[in-house]
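Below is one structure, written out as structure tokens, with a few remarks after it.
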Amino acid sequence: MRRDDPMTAVGQRADAALRLHMLLKARLVREHMSAFYETIERPLAPVVAAMEDAGVKVDRAALAELSRDFALRIAELERTIWRDVGSEFNIGSPKQLGDVLFEKLQLPGGKKGKTGAYGTDAGILETLAPLHPVPAQVLEWRQLTKLKSTYADALGQEIDSQTGRVHTSFALAATATGRLSSSEPNIQNIPIRTEEGRKIRHAFVAEPGHLLLSADYSQIELRLAAHVADVAELKQAFQAGHDIHALTASEVFGVPLDRMDPQTRRRAKAINFGIIYGISAFGLGNQIGVPQGEAAAFIRAYFERFPGIRAYMEKIKAEARSAGFVETIFGRKCFIPGIRDANPMRRAGAERQAINAPLQGSAADIIKRAMGRLPAALTAAGLKACMLLQVHDELLFETPEDEVEATARLVKEVMETACAPRCELSVPLVVETGWARSWDEAH
DNA sequence: ACTATCACG
DNA sequence: ACGTACGTGATAGTA
């Protein structure tokens with residue numbers, strides 16, 4: 001474009017967008033991704049735009065009260081920690097904390113990382129907790145400062161003073177697997193796992209006369225693993241609605257189902273997570289607190305019971321090596337850049353990505369497909385529900401109180417049949433729904 | 001700008 | 001011997 005071209009700035013932008021469109025469309029055709037794009041991605045854009053525009057109501061006063069409560073408890077913990085250490089220091093400085101724990105208090109632990117700093121993350125502090133009161137106090141201090149700074153304070157600043165709502169930005173093409181991401185503020189990492197954290201989630205509420213409806217896929221990635229690896233026993237367990245972690249525990253550890261204990265089931269659950277992540281003995285051992293050798297034995301036992309899973313992992317790694325990418329059930333390509341790396345460690349990391357990406361990515365395809373269909377389905381049913389948020393395997397709606405049950409039934413149906421008719425699964429998808437005035441109670 | 005940490009699925 | 005669980009984003013400290 002010449003500088004003296006009479007075209008306006010707006011016209012130049014439109015021209016650039018048109019050229020970019022032609023370029024990208026040609027690439028979609030060349031790579032046979034047009035149908036995928038038109039089915040999954042393009043219908044999603046207006047849906048996500050409407051979600052961003054709608055926002056979600058957050059109780060500013062509740063967050064402010066939490067902030068004050070957290071501040072008091074943080075200050076008290078700070079005094080206790082300083083007293084037990086015998087000096088004042090910045091607890092939020094990993095450097096100073098490392099010096100305190102491993103030099104001043106002489107707790108056992110080593111340097112690590114290329115920076116030569118002491119590690120002080122939650123796993124390490126948990127290991128040290130039986131030896132001294134300070135590590136557990138620091139863990140609680142960290143939890144409360146996280147909740148205060150990231151959620152009670154920063155999230156509170158994002159609330160629109162007119163509407164009382166927060167409006168996130170969803171990125172549709174930011175991740176390697178096809179998931180959405182959320183930022184400014186990120187509403188895909190709102191606390192839920194601890195009682196204190198749930199107090200934050202409790203501040204996400206419905207307008208008067210309305211309810212928040214949550215619908216989430218149950219164990220979707222594990223179901224997809226059973227499907228793509230074609231493991232008869234796992235598929236049957238999902239078809240029968242059995243407890244999959246208990247079944248895994250029974251098979252791997254030889255404990256009869258009617259005598260299953262929580263500890264054994266918890267280990268099996270960690271193994272199942274490991275399968276989705278592209279399991280390693282180090283990672284599993286670290287997660288469940290057993291030596292790497294013991295974890296390796298668990299993995300061997302698992303593969304003996306479910307040889308189809310191992311076969312699938314070998315197949316998908318070979319596919320990634322030859323093509324440089326793996327595919328989801330709807331045909332999305334997930335590129336695996338390090339798969340031919342000469343460095344064994346980096347290559348192993350890429351192999352875990354190759355195992356995980358089709359599972360995480362297929363789950364992303366499925367929920368995107370459901371999201372693309374839901375607005376029209378709701379309208380056709382005469383329901384006024386508004387889709388607000390997506391958190392990877394969960395959708396959150398705001399509905400008039402008297403429509404919530406009908407909406408829940410419709411949403412569940414659309415989500416559970418999201419694969420049809422293009423790619424039928426050999427395992428059922430199950431969606432659980434719940435509703436309440438607040439997001440935490442809707443679960 | 002980078003690192004460590006931690007919130008979520 | 002090495003040193004890793006998969007995918008994100010926000011905050012505070014460090015340099």
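Below, chain A is the first sequence line, B the second, and so on; all start at residue 1.
Using a 4.0 Å heavy-atom cutoff across all strands shown, A:Gln353 reaches sugar-phosphate atoms only and no base atom. Residue contacts for A:Gln292: at a heavy-atom cut-off of 4.0 Å it reaches a base atom on one of the strands shown. A:Thr145 comes within 4.0 angstrom of no nucleic acid atom, judged by non-hydrogen atoms across all strands. Backbone-only contact: A:Ile192 has heavy atoms under 4.0 Å from sugar-phosphate atoms and none from a base.
Formation of a donor-acceptor pair under 3.5 Å by the A:Arg321 side chain with backbone atoms of A:Glu351 is not found in this model. Side chain of A:Ser322 to main chain of A:Glu319: a donor-acceptor pair is present (N/O by atom type, distance under 3.5 Å, no hydrogens or angles). Side chain of A:Tyr118 to main chain of A:Glu103: no donor-acceptor pair is present (N/O by atom type, distance under 3.5 Å, no hydrogens or angles).
For the P atom pair drawn from C:dT4 and B:dT3, the interatomic distance equals 14 Å after rounding to whole Å. When the C1' atom is used for both C:dG3 and B:dC8, the distance is 26 Å, rounded to whole Å.
Taking atom CD of A:Gln360 as the reference point, atom P of C:dA5 lies 15 Å away to the nearest angstrom. For the pair A:Asp440 CG and B:dA7 C1', the interatomic distance rounds to 16 Å; values are reported in whole Å. At whole-Å resolution of the value, CZ in A:Arg223 and P in B:dG9 are 17 Å apart.
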| message | I'd like to compare against my own output: the B/S/- annotation of nucleotides 9-15 of chain C with a strict under-4.0 Å heavy-atom distance to protein. | response | BBSSSSS
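A salt bridge between A:Arg165 and A:Glu207 is present, with a side-chain N of the basic residue lying under 4.0 Å from a carboxylate O of the acidic one. Using a 4.0 Å cut-off between a side-chain N of Lys or Arg and a carboxylate O of Asp or Glu, A:Asp230 and A:Lys235 qualify as a salt bridge. A salt bridge does not link A:Glu233 with A:Arg305: none of the charged nitrogens is closer than 4.0 Å to a carboxylate oxygen.
For B:dA4, the paired base is C:dT11 (Watson-Crick or G-U wobble, both distances below 3.5 Å).
When the nearest nucleotides of DNA chain C are assigned to A:Ser280 and A:Thr177 by heavy-atom distance, the more 5′-ward of the two goes with A:Ser280.
A donor and an acceptor atom never sit less than 3.5 Å apart when one is taken from the side chain of A:Arg179 and the other from the base of C:dT8.
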